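For ligands, and for the atoms within them, numbers begin at 1 and follow the listed sequence. For clarity, every value in this text was computed on a predicted model and none was experimentally measured.
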Amino acid sequence: MKEMISVEEARELVLSKVRALPMETVPVLEMVGRVSASDLASDIDISPFAHSAMDGFAVRAEQLADASPEHPVELDVIDEVPAGGFFEGTIAEGQCVRIMTGAPLPADADSVVKYEIVDVVSGDGKPGGRVAFAAPTKQGSNVRAAGEEAHAGEVVVRAGEVINTGGVGFLASCGIVEAPTYRRPRVAIIATGSELIDPTETPTRGKIRNSNSAALAASALAAGAIPHIMPICEDSFEKLREQVALAASEYDFVVTSGGAANGDFDFIKKVVEDLGDLLMTTVNMRPGKAQTFGLVDGTPVFGLPGNPAAAYLGFEMIVRPALRKMQGYTHFDRPVLKAHLATDVRKKDPRRIYLRSTLTRGEGGYVVTPAKNQSSGLFGPIQRSNCFAIMPEGKESKSAGDVVDCVLLDVSEEIAL
Ligand code: AMP
Ligand code: MG
């Protein structure tokens, strides 16, 4: 095992140890944001029949070939077709049919002229009246063709596609009311630390609220997983060993926070080594270089650092991609935007630094402002941030105006920038 690996190596390692979970079939409404596990085909043509895209008059374009403002073409309105109805007669020379949006195009017609540009000569434009056209029209004008989107039996969604809200409507039109996807991973979340108390309690001397479990559960939910917050585990090798073993046997993925470094009461590395295979301990990132990963009876166990920002970053950069792979996603990189630094940033630590920052649109492009307080012990700056600005490995400082990469938070990996 290499001592310190890069964020990319860490991500590759964890991704290589997980695969898509078994499939489950769910109602299409529950498919929003999820991956289709198979090709999906429509049972009918979409649209099922050629229909009008406007309220107007159905004609054959050649009837209006010579129409002009000086010499309008007049036609008798012989019938009216509402949406849901149909016209079965024939349209002779000198005739047209009044038609509503969504109504099937009469077999004899090839185009629709919208109401607004048709003059009423007699009657009120309804059957029995006469209307005048002052311009020609084109075949197919204001007509939506049958099968323009898909034909019956044709695949409309490929396996691997992520269904969006519009896609749910698309599937509904294709008669698809449920679809196969990959099961959501069930994630056990264990906070370790003898100083921790539940957020419902008020800390007494030396105690702090367990905020990591809440944030990690929220991040797991945002990654599409099903989090389960386990009881706080005190700093004891035996207790942690017991909890991790239990969690690994009952869940698809185990995430712990705290006790990942080399302190006297840091046990996660030893526990993973004892229960299974320890595969990683240190990643070249700040905050959060103590990132532990291993397998316990084949279940991935990830030991995040205890400092809130470090735990959050480790989850975001390394755990989240794995939870997504387990759900069949194939994109793992959050969108990255280049932005001009609003302030100078001095760099003394050679690790890659992720600055909790706010990205705004400025006149000469995007501007990124790092949060004043970059303490890894705080969640507040993350609440007020919308990106991580990256200071690359090495000791090179940057000045206001320099361009840096910014990883967007809470923006889907499917969006390429
Ligand atoms: P550790 O990684 O266990 O050395 O913890 C580093 C720092 O993070 C310490 O100040 C801990 O008190 C704090 N910390 C550890 N776990 C949590 C947690 N679940 N919620 C909030 N802070 C924590
Ligand atoms: Mg600790």
Student check: side-chain heavy atoms of T360 and Y366 closer than 4.5 Å: no
Distance filter under 4.0 Å to R209 heavy atoms, resulting ligand 1 atoms: 20 (N), 21 (C)
Contact atoms of ligand 1, heavy-atom distance to A191 under 4.0 Å: 19 (N)
Protein contact of atom 12 (O) of ligand 1 - nearest heavy atom, named by residue and atom, plus distance: E195 OE2, 2.5 Å
Charged N-O contact under 4.0 Å between R144 and E149: no
No-hydrogen, no-angle side-chain donor-acceptor test under 3.5 Å, E238 and S236: no
Proximal atoms of ligand 1 relative to N210 (non-hydrogen, under 4.0 Å): 18 (C), 19 (N), 20 (N)
Test side-chain hydrogen bond (donor to acceptor under 3.5 Å, both in side chains) applied to D410 - qualifying residues, sequence neighbours left out: none
Atom 14 (N) of ligand 1 - nearest protein heavy atom and its distance: G306 O, 3.2 Å
Distance from atom 4 (O) of ligand 1 to nearest protein heavy atom, with residue and atom: D266 OD1, 4.2 Å
For I208, atoms of ligand 1 separated by under 4.0 Å from a heavy atom: 12 (O), 21 (C), 22 (N), 23 (C)
Close side-chain approach of Y312 and F388, heavy atoms under 4.5 Å: yes
Side chains of D333 and V336 in contact at under 4.5 Å (non-hydrogen atoms): no
Residue and atom name of the nearest protein heavy atom (relative to atom 7 (C) of ligand 1), distance in Å to one decimal: N307 OD1, 3.4 Å
Per-atom contacts, ligand 1 versus N212 - under 4.0 Å to a heavy atom: 16 (N), 17 (C), 18 (C), 19 (N), 20 (N), 21 (C), 23 (C)
Proximity flag S211 to ligand 1, non-hydrogen atoms under 4.0 Å: yes
Side-chain H-bond candidate by donor/acceptor type, N284 with S6, under 3.5 Å: no
Sub-4.0 Å atoms of ligand 1 with respect to non-hydrogen atoms of G259: 1 (P), 2 (O), 3 (O)
side-chain hydrogen bond (donor to acceptor under 3.5 Å, both in side chains) assessment of T358 paired with N386: CA-CA 5 Å; T358 305; N386 58 11; 4.9 Å; no
Sub-4.0 Å heavy-atom contact, A261 with ligand 1: no
